[in-house]
Q: 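A single structure is presented below for examination.
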Protein chains: 2
Amino acid sequence: MADVSSKKATIYDLSVLSGASASTVSAVLNGSWRKRRISEETANKILSLAKAERYTANLQARGLRSSKSGLVGLLVPVYENRFFSSMAQAFEAEARKRGLSPMVVSGRRDPEAERRTVETLIAYSIDALFIAGVANPDGVHQVCAGAALPHVNLDLPGKLASSVISDNRRGAEVLTGAILQHAARGANLSPEDVVLFGGHDDHASLERIAGFHAAKNAYFGQECSVEDVEKTGYSPRMTELVLEQFFERNGQLPRCFFINSSINFEGLLRFMGRHDEETVANIVVGCFDYDPFGSFLPFPVYMIKPDVQKMLEVGFELLEAAPTEPLVTIIEPRLIPPRTALAGPLDDISELSVSS
Amino acid sequence: MADVSSKKATIYDLSVLSGASASTVSAVLNGSWRKRRISEETANKILSLAKAERYTANLQARGLRSSKSGLVGLLVPVYENRFFSSMAQAFEAEARKRGLSPMVVSGRRDPEAERRTVETLIAYSIDALFIAGVANPDGVHQVCAGAALPHVNLDLPGKLASSVISDNRRGAEVLTGAILQHAARGANLSPEDVVLFGGHDDHASLERIAGFHAAKNAYFGQECSVEDVEKTGYSPRMTELVLEQFFERNGQLPRCFFINSSINFEGLLRFMGRHDEETVANIVVGCFDYDPFGSFLPFPVYMIKPDVQKMLEVGFELLEAAPTEPLVTIIEPRLIPPRTALAGPLDDISELSVSS
DNA sequence: CAAAGTTGCACAATCGATGGTGCAAAGGGA
DNA sequence: TCCCTTTGCACCATCGATTGTGCAACTTTG
């Protein structure tokens with residue numbers, strides 16, 4: 001007869017009901033009862049009582065006592081982005097698989113916000129933190145280190161902490177190769193037809209730029225010394241601005257685009273919104289990120305999809321192994337040809353929603 | 001001289017260092033010190049000590065004692081979706097504005113997972129929960145009610161809890177009107193050219209269907225009794241399947257699409273991936289969701305963008321007001337014309353990331 | 001100058017769970 | 001029967017904060 005008094009049952013309630021002591025109840029409920037030589041009989045009695053009373057542990061109390069919370073954090077710059085939202089999705093799945101509770105937070109690439117946010121997470125005694133796409137990795141690292149918080153970088157340089165990164169260089173090479181090949185079907189290309197937009201001085205961008213250049217050089221059989229990289233940071237607005245300037249200078253867009261991330265791609269969308277459809281009719285785009293809608297735009301879009309699932313698997317392994325010194329693991333991303341819509345998490349579920 | 005021993009400082013440490021009692025320290029640090037008649041002098045001493053020692057409160061301990069955690073939850077079906085990810089973004093902002101910490105979790109429209117996930121949140125003593133896009137609202141409500149957890153539904157029917165919903169009916173009417181008008185520019189339309197895909201028996205879908213029909217009837221000046229609604233649930237796969245069937249039956253797609261959500265829109269993408277570009281060359285789409293990439297597809301796409309920002313503002317107000325009986329607030333969504341890329345959260349930030 | 005009021009703080013219980021330790025009762029061997 | 005193990009559990013301190021209460025030391029009042 002479960003008590004419906006909205007106050008939650010505690011081990012003390014069960015202790016009274018069962019006649020056992022609170023510590024016995026605790027041991028039974030957290031599974032350590034064999035070690036504590038509690039009889040199976042007592043255990044069963046308490047377990048069924050717990051079920052009847054709908055007992056669930058107060059995780060704040062447990063966390064306080066055992067100085068671990070069962071919470072894992074993931075710091076992303078924004079949610080509104082296919083890459084980071086699919087990372088959050090994979091993160092949640094991996095965390096729950098391990099009996100941990102995910103807390104996803106965003107730092108908006110603002111170093112100040114990043115620190116504050118991580119400090120809040122630490123105040124909740126999170127057990128570990130994954131760091132993706134922050135403006136100031138070292139700042140966040142300091143905060144973590146100061147709190148002795150295990151942390152792993154995702155797609156960030158790993159000087160101070162272990163990290164799991166996409167093979168940005170190779171991915172960029174493959175992606176560049178793909179758009180070159182596609183664009184070459186239409187007409188002869190010259191090096192200045194192939195331009196990279198986006199990125200900054202961060203590790204991922206630099207690697208991608210290197211891969212981009214490697215592929216160009218291989219294709220054109222020479223050092224392409226043209227100015228073919230427009231760093232715009234991770235901002236749609238800046239990307240749009242730079243595209244406008246390019247367009248004004250050259251009277252047209254480049255034939256071949258390498259776009260550093262879907263965030264920069266949104267800058268191209270804004271440009272498109274201000275111009276005629278003709279303006280982009282002949283471009284070929286490679287974007288280092290995957291977005292299903294982006295894949296079907298009115299021009300060919302090749303995309304690179306980092307394997308977030310595997311990145312997080314490896315990330316959790318790194319946490320568990322707790323290597324003595326920072327370790328860097330590289331995960332191969334995947335080239336997605338134009339007009340491709342991949343399956344997602346909602347494909348796995350049953351169709352029947354329970355109507356009320 | 002801040003101690004760098006990675007263990008975090010507690011009020012007891014500060015108590016020893018300052019010569020004051022722990023309760024005094026606590027009062028100073030949580031701001032209740034005036035009420036407790038602590039002298040300004042003592043307060044200042046403790047505050048500066050706290051800064052020097054980089055003290056931050058242990059929120060698990062505080063939460064345990066005061067039986068509130070400062071955590072607010074948001075339950076969404078998936079992250080990988082522009083609507084829900086922008087909802088998460090707005091949610092985080094609103095929560096932090098109120099000094100609360102956001103916890104976003106996904107239930108994958110699986111009633112079982114939804115319950116479990118919410119139960120975990122409750123085990124962490126979250127203070128409130130927002131519920132969006134769940135398969136079984138009543139099940140989640142029960143769990144919340146059993147724990148006396150204040151909760152607000154977002155875009156769900158509000159029989160049992162307060163809810164904030166988009167004006168689905170009106171939005172659908174406007175959206176349908178827009179695509180009808182656009183499509184009519186090309187050729188004469190008949191009722192069977194205009195079909196709705198997606199949705200189910202949930203409140204939002206039913207309202208949208210009603211709005212869709214209202215707009216059609218108004219346009220055609222008659223009761224359109226044709227079969228013009230294909231319920232596919234919130235699944236890309238099912239949507240694709242139904243589209244294939246439609247295509248096979250009719251030899252072509254309908255000219256005018258009303259798509260119930262971007263999740264269903266992904267079903268159309270998959271269809272596109274399996275067919276020629278011609279197949280969709282003449283369609284006009286209205287989608288009840290906004291996605292910037294979706295807005296630039298090779299056919300006109302009108303979109304409805306629910307005002308998540310305002311929905312969450314109102315949602316938090318509802319929580320604070322704690323009305324005695326469930327209240328429903330309706331928020332007007334916004335029609336987004338084709339080829340529109342709206343600004344997002346990353347536009348507000350400074351461009352300069354701190355390189356290491 | 002004594003009574004009454006104020007100021008400034010310390011004490012101790014408490015939130016719910018955990019885990020080290022101690023101890024009675026049962027079982028077993030000589 | 002006596003002693004030694006083993007079994008089965010209770011006791012209690014503890015995690016870090018919050019908060020009701022008590023009480024010196026001052027200050028004010030008459």
Q: Between A:Glu119 and A:Arg116, is the closest basic N to carboxylate O distance under 4.0 Å?
A: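 So A:Arg116 does not pair with A:Glu119 through a salt bridge.
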Q: Which residue, B:Ser39 or A:Leu64, contacts DNA chain C at a nucleotide closer to its 5' end, judged by nearest heavy atom?
A: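 The residue mapped nearer the 5' terminus is B:Ser39.
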Q: Are any of A:Thr24's side-chain N or O atoms less than 4.0 Å away from OP1 or OP2 of D:dA10?
A: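 Answer is yes, contact under 4.0 Å.
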Q: Does OP1 or OP2 of C:dG8 have a side-chain N or O of B:Thr42 closer than 4.0 Å?
A: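 It does not, given that no N or O in the side chain of B:Thr42 lies less than 4.0 Å from OP1 or OP2 of C:dG8.
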Q: Could you write nucleotides 17-26 of chain C as a row of B, S and -, 5' to 3', where a protein heavy atom under 4.0 Å of any base atom gives B, of only sugar-phosphate atoms gives S, and otherwise -?
A: BBBB------
Q: In this structure, are over 12 heavy atoms from other groups packed under 6.0 Å from A:Glu320 atom CD?
A: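 Buried by this count: over 12 neighbours within 6.0 Å.
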Q: So for atom NZ, which belongs to B:Lys68, do other residues, nucleotides or ligands contribute more than 12 heavy atoms lying within a distance under 6.0 Å?
A: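 No, the 6.0 Å shell around NZ holds no more than 12 heavy atoms from other groups.
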Q: I need the CZ-C1' distance between B:Arg34 and D:dT19, as an integer number of Å.
A: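 Whole-Å distance recorded here is 19 Å.
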Q: Rounded to whole Å, please give me the gap between CD in A:Gln60 and C1' in D:dC15.
A: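 Distance, rounded to whole Å: 13 Å.
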Q: Atom CD of A:Glu40 and atom P of D:dC9: how far apart are they, to the nearest Å?
A: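 Between P of D:dC9 and CD of A:Glu40: 11 Å.
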Q: Between C1' on D:dG16 and CG on B:Asp13, what's the gap in Å once rounded to a whole number?
A: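 Rounding to the nearest Å, CG of B:Asp13 and C1' of D:dG16 are 10 Å apart.
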Q: Please report, rounded to the nearest Å, how far the P atom of D:dA10 is from the CH2 atom of A:Trp33.
A: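 Taking CH2 of A:Trp33 and P of D:dA10, I get 15 Å after rounding.
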Q: Measure CD1/A:Ile38 against P/D:dC11 and give the value in whole Å, please.
A: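 Going from A:Ile38 (CD1) to D:dC11 (P), I get 13 Å.
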Q: Can you tell me which residue among B:Leu74, B:Val72, B:Leu129 is in a side chain to side chain contact (heavy atoms under 4.5 Å, CB included) with B:Leu121?
A: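 Filter result, single survivor: B:Leu129.
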Q: Could you list all the ring-ring contact (aromatic ring centres under 6.0 Å, His included) pairs where at least one residue sits in residues 100-137 of chain B, not counting sequence neighbours?
A: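 Listed once each, the pairs are B:Phe91-B:Phe130, B:Phe130-B:Phe316.
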Q: If you assign each of A:Ser67 and A:Ser21 to its closest nucleotide in DNA chain D, which residue comes earlier from the 5' end?
A: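 On the 5' side of the pair lies A:Ser21.
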Q: Please report, rounded to the nearest Å, how far the P atom of D:dT19 is from the NZ atom of B:Lys35.
A: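 So the NZ-P distance, B:Lys35 to D:dT19, works out to 8 Å.
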Q: Can you name the closest pair of heavy atoms from B:Ser106 and B:Leu75 and give their distance?
A: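 The pair with the smallest heavy-atom distance is C-CD1, 4.0 Å.
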Q: Ignoring hydrogens, what is the shortest heavy-atom contact between B:Val118 and B:Cys144? Give both atom names and the distance.
A: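 Between these two residues, the closest heavy atoms are CG1-SG, 4.2 Å.
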Q: C:dC9 P sits how many Å from B:Asn44 CG, rounded?
A: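 In whole Å, C:dC9 P and B:Asn44 CG are 12 Å from each other.
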